[in-house]
**Q** 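Here it is, the structure in full.
It should be emphasised that the depicted structure is a prediction, and the values quoted were computed from it without experimental measurement. Naming convention: chains lettered A, B, ... in sequence-line order (proteins, then strands); numbering from 1 in each chain.
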Amino acid sequence: MKEFIEGSHAVAQIVKRCRPGVVSAYPITPQTHIVEDLAQMVSNKELDAQFVNVESEHSAASVVLGAEATGVRSYTATSSQGLLLMTEVVFNIAGMRLPVVMTTANRAISAPINIWNDQQDVMAVRDSGWVLLFAESVQEAVDLHLQAYKLGEDPDVMLPVMVNMDGFILTHGMEVVDMPTQEQVDAYLPPYKTTYKLDVDDPKTMGYLADPDYYLEIRSLVQETHRELLEKIPQMASEFQKTFGRECGGLIQTYRMEDADQAFIAAGSVCGTIRQAIDELREKGKKVGLVKIACYRPFPKAALVAALKNVKEAAVVDKSISLGGFGPFYTDATSSLSSLGAGMPKVSGFVLGLGGRDITVKSIHDVYEKLSGRQVDCEFIGLKQELLAETE
Amino acid sequence: MKEFIEGSHAVAQIVKRCRPGVVSAYPITPQTHIVEDLAQMVSNKELDAQFVNVESEHSAASVVLGAEATGVRSYTATSSQGLLLMTEVVFNIAGMRLPVVMTTANRAISAPINIWNDQQDVMAVRDSGWVLLFAESVQEAVDLHLQAYKLGEDPDVMLPVMVNMDGFILTHGMEVVDMPTQEQVDAYLPPYKTTYKLDVDDPKTMGYLADPDYYLEIRSLVQETHRELLEKIPQMASEFQKTFGRECGGLIQTYRMEDADQAFIAAGSVCGTIRQAIDELREKGKKVGLVKIACYRPFPKAALVAALKNVKEAAVVDKSISLGGFGPFYTDATSSLSSLGAGMPKVSGFVLGLGGRDITVKSIHDVYEKLSGRQVDCEFIGLKQELLAETE
Amino acid sequence: MKEIRIHARAGQGAITTAGILGYAYFLKGQYPYAFPHFGAARMGAPMNAFVRIDDKPVRLRSQVYNPDFLIVVDATLMRGFNCYVGFKEDGIAVINEREGMEIPKPQGRQKVFVVPGNKISTDIMGRALLGNTVLLGAYAAATGQLTLEDLANAIRERFGDKGQKIVDMNVEAIKRGYEFIKEKAKS
Amino acid sequence: MKEIRIHARAGQGAITTAGILGYAYFLKGQYPYAFPHFGAARMGAPMNAFVRIDDKPVRLRSQVYNPDFLIVVDATLMRGFNCYVGFKEDGIAVINEREGMEIPKPQGRQKVFVVPGNKISTDIMGRALLGNTVLLGAYAAATGQLTLEDLANAIRERFGDKGQKIVDMNVEAIKRGYEFIKEKAKS
Amino acid sequence: MAETLLKPGHTACAGCGQAIAARLVIDAAGKNTIIANNTGCLEVFSTKYPESSWCVPWIHSLFENCSAVASGIESGLKYLGKKDAINVIAQAGDGGTADIGLQALSGMLERGHDVLFVCYDNEAYMNTGIQRSGLTPTTSNTTTTPPGSASTGNPRPKKPMPDIAAAHGIPYVATASAGYPQDIQKKVKKALSIKGPKYMQIHVPCPLGWRHESNMTLEVAKLAVETGLYPIFEYENGKLIPRKIALIKPVEEYLKAQGRFKHLLKDPQAIKEVQAIADFNIAKYGLKA
Amino acid sequence: MAETLLKPGHTACAGCGQAIAARLVIDAAGKNTIIANNTGCLEVFSTKYPESSWCVPWIHSLFENCSAVASGIESGLKYLGKKDAINVIAQAGDGGTADIGLQALSGMLERGHDVLFVCYDNEAYMNTGIQRSGLTPTTSNTTTTPPGSASTGNPRPKKPMPDIAAAHGIPYVATASAGYPQDIQKKVKKALSIKGPKYMQIHVPCPLGWRHESNMTLEVAKLAVETGLYPIFEYENGKLIPRKIALIKPVEEYLKAQGRFKHLLKDPQAIKEVQAIADFNIAKYGLKA
Amino acid sequence: MIGHMTSKPGSSTANKTGSWRTEAKPKFLRKNCIACRMCVYICPEGIIEGKGKNEFSCDLNYCKGCGSCAKVCPKKDIEMIAEMEKE
Amino acid sequence: MIGHMTSKPGSSTANKTGSWRTEAKPKFLRKNCIACRMCVYICPEGIIEGKGKNEFSCDLNYCKGCGSCAKVCPKKDIEMIAEMEKE
Ligand SMILES: Cc1ncc(C[n+]2csc(CCOP(=O)(O)OP(=O)(O)O)c2C)c(N)n1
Ligand SMILES: Cc1ncc(C[n+]2csc(CCOP(=O)(O)OP(=O)(O)O)c2C)c(N)n1
Ligand code: SF4
Ligand code: SF4
Ligand code: SF4
Ligand code: SF4
Ligand code: SF4
Ligand code: SF4
Ligand SMILES: [Mg+2]
Ligand SMILES: [Mg+2]
């Protein structure tokens with residue numbers, strides 16, 4: 001059913017319809033509305049779940065870890081500093097292969113402190129083993145949560161899934177969303193059943209120590225599962241499309257790429273602004289398109305290469321940066337595209353929108369202008385020169 | 001003066017000679033010997049410093065942050081879970097531009113828990129803005145600490161520096177080390193002086209909130225400093241060589257690369273084993289060499305490209321992995337090398353030694369064998385097939 | 001595509017207002033995207049909310065720099081700050097009147113309507129709480145974008161669970177705002 | 001390059017032993033690399049220490065799989081575990097005797113010396129604490145790698161700050177181990 | 001301009017109790033003071049770049065680590081031989097104190113650093129929009145403990161943070177209230193005259209989060225004290241010194257002044273339970289005059 | 001094989017007090033128990049893959065979060081409607097309890113989860129090689145508080161963790177000792193019969209870290225109790241119930257049994273100070289028979 | 001390099017929060033003032049000054065009009081008046 | 001997929017820690033035993049069994065020879081004997 005609804009409310013609604021048994025989170029802007037809604041639902045008995053108000057994100061993640069290990073579907077959400085504070089647990093949850101679902105309301109990280117949107121936070125855990133999905137719109141955020149549970153809880157997967165949605169832009173943006181009904185959700189997502197749990201009738205030991213004789217193989221199996229996900233995720237997207245009649249998820253999505261010889265590569269809500277810019281550029285006769293990274297881990301190397309093998313130039317739009325290195329999307333993308341050898345397009349890397357610096361259509365045009373110029377690996381767009389001067 | 005000394009003792013000695021005013025750390029294997037030694041020195045009045053036994057790594061990092069902000073040279077060391085637990089502070093220290101020096105005794109990360117060596121821990125903070133140096137030997141670990149303080153405290157740098165040394169292999173390995181004397185250290189490293197500090201006579205506000213109008217520029221300046229470091233670090237290495245008569249540091253180091261048409265790319269102690277393998281391969285007439293990443297952040301793109309532009313094939317040896325992606329060295333290296341366009345060598349990526357799985361000369365030969373085979377991006381070396389089978 | 005910028009102080013209900021506005025467009029079958037922009041400050045500090053409307057889903061995620069329509073919830077905001085920045089040449093603004101505050105003159109074909117929102121609200125319920133709703137009625141009349149019924153429907157949907165009385169008062173506020181503009185147009 | 005593997009239980013001083021051994025080589029101008037390998041277990045569990053020696057800095061960082069020399073600090077380790085795995089064909093082993101423990105036979109040209117380390121230690125100081133030191137003396141004699149003086153120098157440097165008595169006892173232990181082998185060779 | 005070390009131009013809400021108390025604290029401490037501040041309203045409203053309201057050296061790092069940062073500052077000053085001349089204050093909201101910052105605080109107390117910790121207790125996470133903290137009182141309506149068919153607001157009792165601090169065996173613990181400004185300053189001065197770790201917790205009404213008029217800050221704070229819901233006391237070397245209440249008022253008077261307790265007013269049973277908490281406090285801390 | 005829920009084959013040091021206590025605890029709790037265990041000796045020696053000593057469902061996540069993991073387990077069981085039939089125990093060493101795990105523990109206590117927390121107090125970080133923790137007693141020689149010309153070992157007092165737990169207002173707090181095995185089991189059973197959060201702290205000698213013979217575990221534990229250095233008591237709903245000491249022994253008897261206090265034996269002043277701690281405990285907890 | 005990493009002490013005075021006031025502002029009547037300083041203590045902006053009786057005033061550049069001073073004055077010697085009213 | 005993520009209950013019994021013993025092992029004399037169970041309580045390995053008087057024994061497959069049982073036996077009915085000695 002179509003609704004005009006705030007992103008956070010929409011996510012809370014879909015999470016509720018996924019029937020988690022335990023919800024635990026710690027407040028941080030701009031994630032708060034999601035968990036506040038869930039708290040209200042529990043208070044009103046609309047949602048039969050244990051809502052655990054913890055004392056830090058480290059414990060929020062640990063509570064859902066414990067609940068999930070008890071065989072109960074769990075949910076948490078965080079952002080920015082919260083994600084950094086729970087880093088150790090985030091890695092641990094993946095290593096323990098517990099299919100927790102977490103929403104990250106993407107936000108800048110300290111120092112300096114800044115509550116606005118970018119995507120630096122999620123990058124800090126891109127090695128952790130979580131499946132990392134990125135929503136472009138509120139609709140996608142909703143649909144990805146549904147897919148996240150189904151994907152993570154697949155007995156052949158058993159990995160946690162993070163749905164990234166840009167803070168404020170999507171969490172606080174109100175949009176028209178086709179909300180899956182409870183019936184649809186129940187039909188799509190079966191209750192969580194597993195034997196991998198703490199059960200007094202079948203007592204297992206979880207979270208053991210693995211010495212050098214065993215560790216390598218155990219870690220390699222996580223990587224192996226990610227490799228398998230490169231098949232499963234597109235399958236899931238096409239099934240989803242069949243069931244719900246909407247395109248959502250998958251590894252990548254493309255926009256006007258059929259005949260493109262120039263392309264943007266990006267993820268999240270900025271793709272909308274890029275689409276707008278592309279339409280304008282197309283009107284001027286530029287053959288430009290977009291490859292949207294819908295799933296960042298596993299990294300969709302083959303899909304990306306296939307989508308870009310015919311373009312001449314590409315610009316990667318990163319809303320984060322590996323300081324002293326490059327934008328993470330840029331690095332992964334160029335690394336992957338290098339497999340094209342001599343056929344690799346000329347790719348430049350741009351960093352935009354850190355700390356909520358507004359990304360306008362003009363920003364995208366600025367990137368486009370530079371696409372054909374000197375190749376750059378990590379150029380900031382939109383710097384105010386007067387602020388760069390030494391102040392003391 | 002030459003000594004036969006355990007890596008941890010050697011590091012503690014050199015740290016002592018750098019005269020830190022505050023040392024704070026939390027114990028974790030295999031970092032413990034370093035801080036235990038420092039504790040003993042303080043207890044014996046050999047070192048005039050405040051030794052702060054904290055309640056967690058999060059606080060260890062916060063204590064040195066506070067001390068450094070008071071204008072006092074500080075030191076901490078950690079490893080693995082400890083580094084993950086202090087992630088938020090690690091990012092914060094760099095964002096606040098406090099030139100803390102930290103030793104990371106590199107170790108695997110949970111789950112499963114494993115106390116042995118690999119380099120997954122440092123990778124979790126590779127975006128943070130810290131300068132990341134890697135030691136191949138105990139000698140290098142010693143020398144890099146000296147350089148670390150000088151580099152980080154440079155008024156034009158003001159960034160924290162992490163010296164990575166492989167856990168057990170270097171921290172618990174005893175080796176012959178030419179230890180810089182106190183006089184040499186004093187001559188090389190002046191006392192830390194700064195106006196960027198908490199001072200009741202010049203009261204400044206540190207750690208403010210920066211909104212979207214300011215944040216982007218402030219972050220970009222960290223990146224800019226990293227860019228400048230690409231010049232400063234080689235300068236520092238050649239000055240160091242002049243003063244101490246030893247090669248140490250710099251961005252990269254090469255071994256038998258003059259005429260090489262095949263190369264390994266690696267960092268840390270595994271480079272020693274690779275050198276051994278190279279010598280053996282050279283005896284068989286293989287023109288193979290090594291490019292060692294001595295500094296990982298800033299990432300030495302230009303140096304790497306220059307060193308490898310003439311090789312045909314290269315193998316990246318990662319002792320870590322971005323699960324669902326590739327080895328971090330592999331990704332950064334191939335991304336950088338892709339700037340060679342059609343001239344880019346064929347590069348394959350290998351993951352070795354996670355969780356302390358011993359890397360032998362044979363392991364390196366195994367990698368070498370695969371170098372000329374099918375190009376791979378992330379192949380595990382040394383997996384025991386029997387452990388990969390489903391056990392339940 | 002139409003773009004609306006709302007100026008208010010944190011705590012003055014700009015987001016709710018944007019939400020109702022968006023909802024009215026939604027009920028008409030259009031695709032609004034409404035979103036706030038906060039500073040770091042607290043209750044009382046200036047902030048914005050934006051609404052962007054199109055007949056297909058809005059993808060553009062940037063703030064609104066060249067609004068077609070302006071809604072100024074609190075005229076004191078115009079003290080020392082130019083709410084008209086980027087205002088379209090043929091834009092229409094609806095401003096909540098504030099005693100003693102002079103409203104800067106618009107330029108060219110821009111139209112500015114000063115509406116005694118708080119006064120009308122006080123008329124209706126004894127307090128100024130409905131000021132924004134009055135503005136919405138005025139917005140509909142001034143821009144012709146929405147009918148009274150569009151807005152009343154939106155109010156009913158959004159405030160339905162708050163009780164009939166709240167709904168009625170809000171609908172009344174909308175009507176009064178609407179009529180105020182219509183009256184003015186006549187005069 | 002020579003490679004030595006030490007078998008011991010955690011807590012039995014294998015690392016100190018490796019350190020002294022390395023130190024003796026170091027004082028001779030060589031480049032030892034000595035390092036332990038622990039399991040996750042506690043005091044009493046089997047563990048290894050390794051020493052690798054060369055006349056230029058040792059770069060190879062792997063464990064020792066094909067030792068030239070073996071030192072077994074506690075013969076009970078050989079109960080159910082083959083300490084000879086990978087032992088070089090012409091390797092030399094020095095094993096601390098343990099009453100009632102049978103020592104497996106070496107193969108081919110391998111030489112194995114069983115030394116009553118603990119007994120000699122008890123002779124010297126009333127306790128078995130110097131057993132490892134005795135083995136070092138025996139190692140020197142059995143392998144010819146080091147002289148008595150090399151080891152005594154190492155002891156003096158490493159234990160100097162523990163007082164003359166400790167040094168003397170250790171030097172004595174080395175001598176006795178050394179002589180034990182020399183005697184044996186004669187007989 | 002008025003002489004204070006916390007300058008105006010900050011962006012706190014009108015009537016903010018925390019802004020009042022923070023100024024009283026720093027003015028009592030004086031200019032030879034270094035402050036480490038956790039994330040929270042106070043930090044946000046006083047230090048938006050490129051401006052700052054602080055006239056003393058001041059640092060913010062994260063939400064949870066001001067105690068550890070202050071430990072580092074104190075250690076640095078010790079190393080420099082300057083500690084005796086300079087006060088170090090670590091300060092935080094209730095969330096930054098009793099929840100996410102508790103461990104760092106406990107470590108600081110346990111290690112015996114010469115630091116005064118000040119908790120500005122507005123009884124919820126205000127900076128992020130009024131979520132429950134460990135110091136949120138029972139039944140309070142917050143966005144994460146909303147009343148509903150299955151709930152009367154926050155189900156848990158207020159965490160006895162001063163007692164937890166005192167249990168560490170530190171020399172000085174005190175509670176205070178924005179309702180009694182002079183008392184705050186007296187206690188800050190007393191605390192700073194004592195060597196070692198000190199803990200102060202100040203009740204600071206938040207018009208936004210508690211939903212009271214912006215001019216009611218002092219009144220509301222006083223009512224909390226006068227009803228026994230916010231006991232004012234000191235522990236000097238573990239010895240309890242209560243501030244007696246001349247005339248104890250019924251808790252309704254406090255509750256009805258605030259929107260966060262509005263849902264209680266039709267629920268006499270819930271009010272009784274809150275009264276029981278006040279009675280418990282009055283007995284436990286000997287508040288009866 | 002002996003009937004126990006903690007099987008042999010684990011790799012604890014010979015004579016390990018923690019191994020003794022952990023077995024007593026789980027055997028008293030019984031098989032309908034789920035354990036969340038912090039990193040530490042106990043976790044490492046009992047669960048090296050592919051083996052495990054535990055016969056109950058057991059989970060380890062990290063060094064600091066067993067309380068939060070247990071909170072999650074308890075919440076999961078509540079959701080499943082199974083909580084009443086199943087005990088949840090969170091357990092950790094002293095470091096995992098009073099230092100790095102304190103905040104998660106405090107949060108668990110404050111939220112009122114029905115979980116028993118057990119701290120195995122061997123008074124240092126043993127798993128990493130005997131570093132000081134918040135529960136390391138004054139003067140103890142650890143690798144991070146080594147005696148030296150400027151130090152007599154650990155300079156700080158032992159953190160009063162049971163009092164800190166009790167200050168949270170939880171229904172049951174108890175100390176126990178490996179010197180009194182039956183008492184441990186009695187208290188575990190009592191604790192599990194009470195709903196809500198419970199805290200138990202068990203003194204467990206560590207032959208490796210304390211440097212005593214492996215057969216002295218029980219003796220040493222008893223001496224700690226008999227000298228007043230390790231007071232044994234319960235707080236039932238805040239009410240103190242001490243275990244009286246029949247014959248109070250001088251602290252030397254305890255100190256001289258252990259290498260970690262060896263440096264004190266030539267330092268009568270230091271011994272006096274330790275005796276003062278015992279005397280303080282005896283007075284504070286009413287230990288005199 | 002790191003000049004941009006600090007803010008200057010007291011620099012927030014550049015931010016004239018008096019503009020936030022919308023309804024009311026305080027008027028110091030200076031009639032019955034007993035110089036008890038309660039208004040000084042309680043002002044969240046720290047902008048009330050004065051020494052002797054009837055000498056108190058506030059800095060309207062920053063006053064947010066919270067009304068606390070008027071509320072706490074024991075002598076009712078401060079009054080909140082309409083914002084637009086001339087003092 | 002996740003079978004390798006758990007260990008089986010009690011599976012550590014595969015690890016015969018009796019091999020760690022180097023010096024001494026307990027001998028249950030079974031003469032004066034009063035079945036007080038102190039040895040059972042105190043054994044860190046949890047390997048002492050027995051019900052009635054003089055019926056106690058331990059499992060030497062796991063006994064690390066710590067000597068605690070012998071030390072605590074109020075009747076001195078357990079003795080530590082040399083490892084190599086036949087029982
Ligand atoms: C690790 C982390 N988690 C969450 C946040 C978000 N956050 C910032 S301030 C705050 C609440 C502050 O509450 P309190 O300490 O009570 O101070 P107040 O704002 O109420 O004065 C929260 C949840 C953060 N900055 N960092
Ligand atoms: C975040 C983190 N920091 C440090 C460690 C290293 N570490 C593991 S166990 C341990 C000490 C455990 O001490 P305690 O809790 O007292 O248990 P014990 O081993 O003494 O029984 C330490 C420091 C870790 N695993 N994780
Ligand atoms: S929300 Fe509350 S604490 Fe924060 S500034 Fe406003 S009144 Fe003060
Ligand atoms: S170190 Fe201590 S606590 Fe750890 S296993 Fe050994 S005796 Fe037990
Ligand atoms: S509160 Fe009133 S009486 Fe007291 S100083 Fe202020 S104006 Fe004067
Ligand atoms: S109204 Fe409020 S802000 Fe203004 S002077 Fe009075 S107390 Fe201060
Ligand atoms: S301790 Fe001694 S007396 Fe008691 S049961 Fe054991 S063997 Fe028998
Ligand atoms: S010697 Fe120790 S391990 Fe062996 S049975 Fe006796 S108590 Fe148990
Ligand atoms: Mg608060
Ligand atoms: Mg311990």
Side-chain angles (χ1 to χ4, degrees), chain A residues 2-9 29-30 33 44 112-117 135-140 165-178 246 255 266 268-280 290 292 319 352-353 355-364 382, chain C residues 1 3-6 10 14-42 47-67 85-86 146 150-151 153-161:
Chain A
K2 289 214 169 149
E3 294 183 41
F4 177 66
I5 187 170
E6 186 190 285
S8 298
H9 297 318
T29 307
H33 289 188
N44 289 345
I113 184 170
N114 172 296
I115 60 168
W116 292 271
N117 168 248
E136 178 183 342
S137 62
V138 174
Q139 181 72 62
E140 283 196 356
M165 61 191 292
D166 287 309
F168 289 115
I169 297 172
L170 296 185
T171 57
H172 288 54
M174 291 175 250
E175 223 169 89
V176 180
V177 180
D178 193 347
R246 292 188 290 279
Y255 182 66
S269 68
V270 73
C271 291
T273 306
I274 294 175
R275 284 173 205 261
Q276 180 87 14
I278 287 173
D279 288 353
E280 295 179 16
L290 163 71
K292 169 172 128 185
K319 287 172 67 173
L352 280 81
R357 181 65 54 86
D358 201 24
I359 302 177
T360 62
V361 172
K362 162 130 189 351
S363 317
I364 304 301
Chain C
M1 191 165 69
E3 296 185 315
I4 305 161
R5 187 168 70 205
I6 303 176
I15 302 174
T16 312
T17 305
I20 297 171
L21 200 53
Y23 210 83
Y25 281 101
F26 163 64
L27 291 177
K28 276 179 57 176
Q30 292 206 276
Y31 286 87
Y33 169 50
F35 57 108
H37 181 71
F38 294 101
R42 292 290 176 280
M47 59 78 70
N48 291 118
F50 308 103
V51 189
R52 189 172 276 134
I53 292 134
D54 207 343
D55 36 27
K56 54 183 194 309
V58 171
R59 301 165 311 191
L60 178 60
R61 300 295 179 178
S62 64
Q63 294 170 33
V64 168
Y65 295 93
N66 300 112
V85 197
L146 297 166
D150 290 336
L151 278 169
N153 285 340
I155 291 284
R156 280 188 274 269
E157 292 273 349
R158 299 291 268 201
F159 292 159
D161 56 355

**Q** What part of A:Glu3 is in contact with chain C, defined as an atom under 4.5 angstrom from a non-hydrogen atom: side chain, backbone, both or neither?
**A** backbone
**Q** Which class fits the ring pair C:Phe38 and A:His172: parallel under 30°, tilted 30 to 60°, perpendicular over 60°?
**A** perpendicular
**Q** Counting only non-hydrogen atoms closer than 4.5 Å, does C:Phe50 touch chain A with its backbone (N, CA, C, O), its side chain (CB onward), both, or neither?
**A** neither
**Q** Select one option (side chain, backbone, both, neither) describing which atoms of C:Gln30 are under 4.5 Å from chain A's heavy atoms.
**A** backbone
**Q** Quick check on the structure: residues of residues 52-64 of chain C within a heavy-atom distance below 4.5 Å of chain A, by number.
**A** C:Arg59, C:Leu60, C:Arg61, C:Ser62, C:Gln63
**Q** Select one option (side chain, backbone, both, neither) describing which atoms of A:Ile359 are under 4.5 Å from chain C's heavy atoms.
**A** backbone
**Q** Return the minimal non-hydrogen interatomic distance between A:Phe4 and C:Ala34, and the atom names on each side.
**A** CZ-CB, 4.1 Å
**Q** Rounded to the nearest 0.5 Å, how far apart are OG1 of A:Thr171 and CZ of C:Phe35?
**A** 12.0 Å
**Q** Side chain, backbone, both or neither: which part of A:Asp279 has a heavy atom under 4.5 Å from chain C?
**A** side chain
**Q** Please name the pair of heavy atoms, one in A:Ile169 and one in C:Tyr33, separated by the smallest distance, quoted to 0.1 Å.
**A** O-OH, 2.7 Å
**Q** Checking C:Ile15 against chain A: side chain, backbone, both or neither under 4.5 Å from a heavy atom?
**A** both
**Q** For C:Lys28, is the NZ atom crowded, meaning more than 12 foreign heavy atoms sit under 6.0 Å from it?
**A** yes
**Q** Is any side-chain heavy atom of A:Lys2 less than 4.5 Å from a side-chain heavy atom of C:Phe26?
**A** yes
**Q** Could you label the plane-to-plane angle of the A:Trp116 and C:His37 rings as parallel, tilted or perpendicular, counting under 30° as parallel and over 60° as perpendicular?
**A** tilted
